[in-house]
Amino acid sequence: MSTYSELIAEKQPSLRKKALAVKVGDQLLDLFREAPNGETGDGYKVVTFDTDEGKMLFWHSSAHILAQAVRRIWPDAKFDDGPALMSGPGHFYYDIYLEHKISEEDFARIEAEVEKIVSENHTISRRVLAKSDALAHFQSQAEQFKVAIIEKLPESAEISLYSQGDFEDLCRGPHVPSTGVFGAFKLTAISGAYWKGDASNPMLQRIYGVSFPDNKMLKSYIQRLEEAKKRDHRKLGKELELFHIEPTTPGMVYWHPKGYTIYTELQSYIRRKLALRNYQELHTPTIADKTLWEKSGHWEVFRENMFFTESEEKIFAVKPMNCPCHVTVFNQGLKSYRDLPLRLAEFGSCHRNEPSGTLHGLMRVRAFTQDDAHIFCTEEQIQEEVANFIDLVREVYTDFGFNDILVKLSTRPEKRVGTDENWDRAEKALEVALDTKKLDWELNPGEGAFYGPKIEFSLRDCLDRVWQCGTIQVDFSMPGRLGAEYVASDGSRKTPVMLHRAVFGSLERFIGILIEEYAGKFPVWLSPIQVSILSVNEEVNDYSKEIEKLLKENGFRVELNISSDKIGYKIREWTQKKINYAVVLGAREKDGRELAVRERGEQETKSFQIQEFIDLLKSQLK
RNA sequence: GCCCACAUAGCUCAGUCGGUAGAGCAUUUCCAUGGUAAGGAAAAGGUCACCAGUUCGAUUCUGGUUGUGGGCUCCA
């Protein structure tokens, strides 16, 4: 019998130093585990930092070292959980209960202790206890969070504990072979985190960190992070004069002319898409009497997220959603089954009183405009409508170049309206549609809207944070609550099903994502300014103005720069504004009635006939 | 809302171990008319987020408020 560690030294000596664990079948095992007799080196795979699995393991072991350091400094620390992360403010964190409030000032001290533990190079070992023994062990140490974790495990579970020097922790494992493998270790953030993710529970302190086998990798990680932050939509929004948010209107956007150009272009774009799919656009009020929201269920379930105002002793709510208003329109005039599916669309301006701590640039705001629509249909029509919507979302997201779209099915939440039978049918309908369309999706239990389950289409920002954008939701409740009905083919009155759906989600969030996706370099059709005309000197001002007029007559967004600055300075400004094309005009161009055109990101200039350039621009419109 | 941090000129940031502040860029004016990432000079620009407290004196220290950033919870 020999350990995997010994086997690797013998069979794969080149991997001896890099090996973190082995993988046998689907199972990851510590290097010190015994290999079966007769193992030749073919029955396992060596896990190194080069794979995601290896990274996760490495980072998970890092969390243990962090805990060990914290325990050495503050012996009264109680530990909850310390997982590895593939994205977020660190590679791992540990949730800790501790009287001392940890702040960034403590990081140096903790890091120094980590460094000590690394240099002590403790071998990491494992022991297994029966559940009752493990419970007794952690109870005796008053590790109440660990006790809670163990209590949830099955009676027969073998509970493993890992130790390294003076520190032992409850852990499924496996772990790296020793504490000496960490070449670089850095704490990155501290925050509060509710125990078990429940806001009614006490708050633990969550320390985040990153770690690598060597320092070079840490440096390149920091560099990549800095690069990502250059794409931040809040930074670019300021630099490119797209929008701003005021202290007097937290979570509400002042769209500047350039940002609003993107906004209106997106509206035009989606209008064209919806018209082809037989949607009809409408517009409804922003505030409505409380009684409407009582009927819809919002008053009962969504009130804490709503803004209210009052007039003549009546309470009005600023709409957080458009659905009740759309049902109100549906209810005007008697509808027949022949009218269904009826698709009512609105760029609906919604306000939600989101908790202050959740606001985030354009991604999470209190006032936003949804590219909303409600499809009133029969139950038999749900499948086709959902399928068509999935096609639409894919078509649109492809147009913007998104290829990393997360699809989730969110099912009934605790706070909800409607019967369980209706929820069963609604959830089933979405599940069938997802599978029919062969989408890769994951289940998101308990995260549906209060009136129905939803499919969510989420996109990632520059730091890989996930934001829900598109959605479609099946609602068997609200039409009935608000008295919607239609005359069926047999003459009876029936309640329609309502599908709530949005492709962008909200224009604010979608533009936030777009800014980061494009790093501020918008395609021609979306660019606030598509062409900058740069004159070389005053001699060509007239020609420059003529070209400006010509391009504007052709519908393009053009900026004219005939200031007395030198051309090098104008080129620099043009570059920084990330405008698609620079048209440089001097005596040569004026004489030949040509354009010297430079494209964003290109170094060389190409000579164009005027019409030729107009055609080039036109070819890039949507 | 909760935890940690931050708030100085239009922007990006220095700075003051407590004696009311500085740079670069941008702005304005003047000179320069220059061919693809910054020509030169001058001027102007700040209740150091807001409100209290300590102090002879607070932008600096303390407390609170508001906003922002990173998380948690919650959401498009």
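Lettering of chains follows the sequences in order, A, B, ..., and the numbering in each one begins at 1.
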Give the B/S/- string for [range], one per nucleotide from 5' to 3', where a protein heavy atom under 4.0 Å of the base yields B, of only the sugar-phosphate yields S, and otherwise -.
{"range": "nucleotides 46-52 of chain B", "answer": "-------"}
{"range": "nucleotides 67-76 of chain B", "answer": "SSSBBBBBBB"}
{"range": "nucleotides 9-16 of chain B", "answer": "--SS----"}

Report which part of the nucleic acid [X] touches: base, sugar-phosphate, or nothing (heavy-atom distance under 4.0 Å, all strands).
{"X": "A/A582", "result": "nothing"}
{"X": "A/E589", "result": "base"}
{"X": "A/K101", "result": "sugar-phosphate"}

### Message
With a 3.5 Å distance limit and no angle check, can you tell me whether A/W59 reaches the backbone of A/V210 through a side-chain donor-acceptor pair?
### Response
no
### Query
Can you check whether A/H91's main-chain N or O pairs, donor with acceptor, with A/K55's side chain at less than 3.5 Å?
no
### Summary
side-chain contact (heavy atoms from CB on, under 4.5 Å) filter on A/D542, not counting sequence neighbours, yields A/K590
### Message
Counting only side-chain nitrogens and oxygens, does A/Y97 get under 4.0 Å of the OP1 or OP2 atom of B/C3?
### Response
no
#### Entry: Pairing pattern in dot-bracket form [Watson-Crick, G-U; both distances under 3.5 Å; | = partner strand] for RNA chain B
(((((((..((((.....[..)))).(((((.......))))).....(((((..]....))))))))))))....
Under 3.5 Å, which protein N or O atoms sit close to an N or O of nucleotides 30-32 of chain B? Give each pair with its distance.
residue : atom : partner : partner atom : Å
B/A32   : N6   : A/S564  : OG           : 3.1
B/A32   : N1   : A/S564  : O            : 3.4

#### Entry: Test item: A/H244 and A/H256 side chains (from C-beta on) under 4.5 Å apart, heavy atoms
yes
### Message
For A/H326 and A/F376, I'd like to know if the aromatic rings sit close, meaning centre-to-centre distance below 6.0 Å.
### Response
no
### Ion pair check, A/E602 and A/R598, cut-off under 4.0 Å
no
### Summary
Heavy atoms of A/A69 and A/I110 approach each other most closely as CB-O, 3.9 Å
### Summary
Heavy atoms of A/R600 and A/S527 approach each other most closely as NH1-OG, 4.3 Å
